[in-house]
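Below, all heavy atoms of this structure are taken into account, side chains as well, without hydrogens, waters or symmetry copies.
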Amino acid sequence: MSQNFTNYLAVYYLSYLGLCALLVLWVARTLRSSGAVFLHDAFHGDTALIGSVTRLLDIGFYLVCAGYVLITVRNYAWLQNLDQVFQSEVYKIGFFLLLLGAIHLFNLLLLALFRRRTVAKPQTASA
């Protein structure tokens, strides 16, 4: 293994893990603060249920993020310059963001369906 490859690989590992950590923390903070109102509405103010669902969503989010980053951290290409480091990171982080977006939209869909179901129950009971 050449010294040049080792240096670029170290740059890749440090920057990839650092960027992923920053993204995960920023997205988690944003989702938690913005999602509080949505959860409050979806669960009709039941604070115990909201707290429990929030913790479960947080755990799921962090597990998915950690799993993806750990699976994709290895680089199989010979990194010979910073351009190759950048290209490798952009591809992996771009896919990571697409994955997080898809999971987020799926969670919103599930919460909307749950809310619709709980709102519809009282109407059918009184009819």
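- Cluster membership check: Val69 shares its hydrophobic cluster with Tyr13, using side-chain heavy-atom separations under 4.5 Å among Ile, Leu, Val, Met, Phe, Trp and Tyr.
- Note that CZ of Phe43 and CG of Leu49 are 5.0 Å apart. Values are rounded to the nearest 0.5 Å.
- Rounding to the nearest 0.5 Å gives a distance of 10.5 Å between CG of Leu82 and CG of Asn7.
- In this structure, Leu17 is a member of the same hydrophobic cluster as Leu9, with clusters built from ILVMFWY side-chain heavy atoms closer than 4.5 Å.
- Nearest approach of Val24 to Phe61, heavy atoms of both residues: O-CE2, 3.6 Å.
- Counting only distance, with no hydrogens or angles, the side chain of Arg55 and the backbone of Gly51 share a donor-acceptor pair below 3.5 Å.
- Not one N or O on the side chain of Ser52 forms a donor-acceptor pair closer than 3.5 Å with the backbone of Ala48.
- Between Leu57 atom CG and Ile50 atom CD1 the span is 12.0 Å, to the nearest 0.5 Å.
- The hydrophobic clustering, which links ILVMFWY residues whose side-chain heavy atoms are closer than 4.5 Å, places Phe86 and Ile93 apart.
- Within 6.0 Å of the CZ atom in Phe95, the count of heavy atoms belonging to other residues, nucleotides or ligands does not exceed 12.
- The shortest heavy-atom contact between Leu70 and Val73 is O-CG1, 3.5 Å.
- Smallest separation of non-hydrogen atoms from Glu89 and Leu19: OE1-CD1, 3.9 Å.
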Using the side-chain hydrogen bond (donor to acceptor under 3.5 Å, both in side chains) rule, take Tyr16 and Ser88 through it: C-alpha gap first, then chi angles, then the decisive distance, then the call. CA-CA 9 Å; Tyr16 180 66; Ser88 181; over 6 Å; no
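- In terms of heavy atoms, Lys92 sits closest to Thr72 at NZ-O, 2.7 Å.
- Cluster membership check: Leu110 does not share its hydrophobic cluster with Phe38, using side-chain heavy-atom separations under 4.5 Å among Ile, Leu, Val, Met, Phe, Trp and Tyr.
- Note on Leu109 and Val37: separate hydrophobic clusters, where clusters join Ile, Leu, Val, Met, Phe, Trp and Tyr whose side-chain heavy atoms are under 4.5 Å apart, directly or indirectly.
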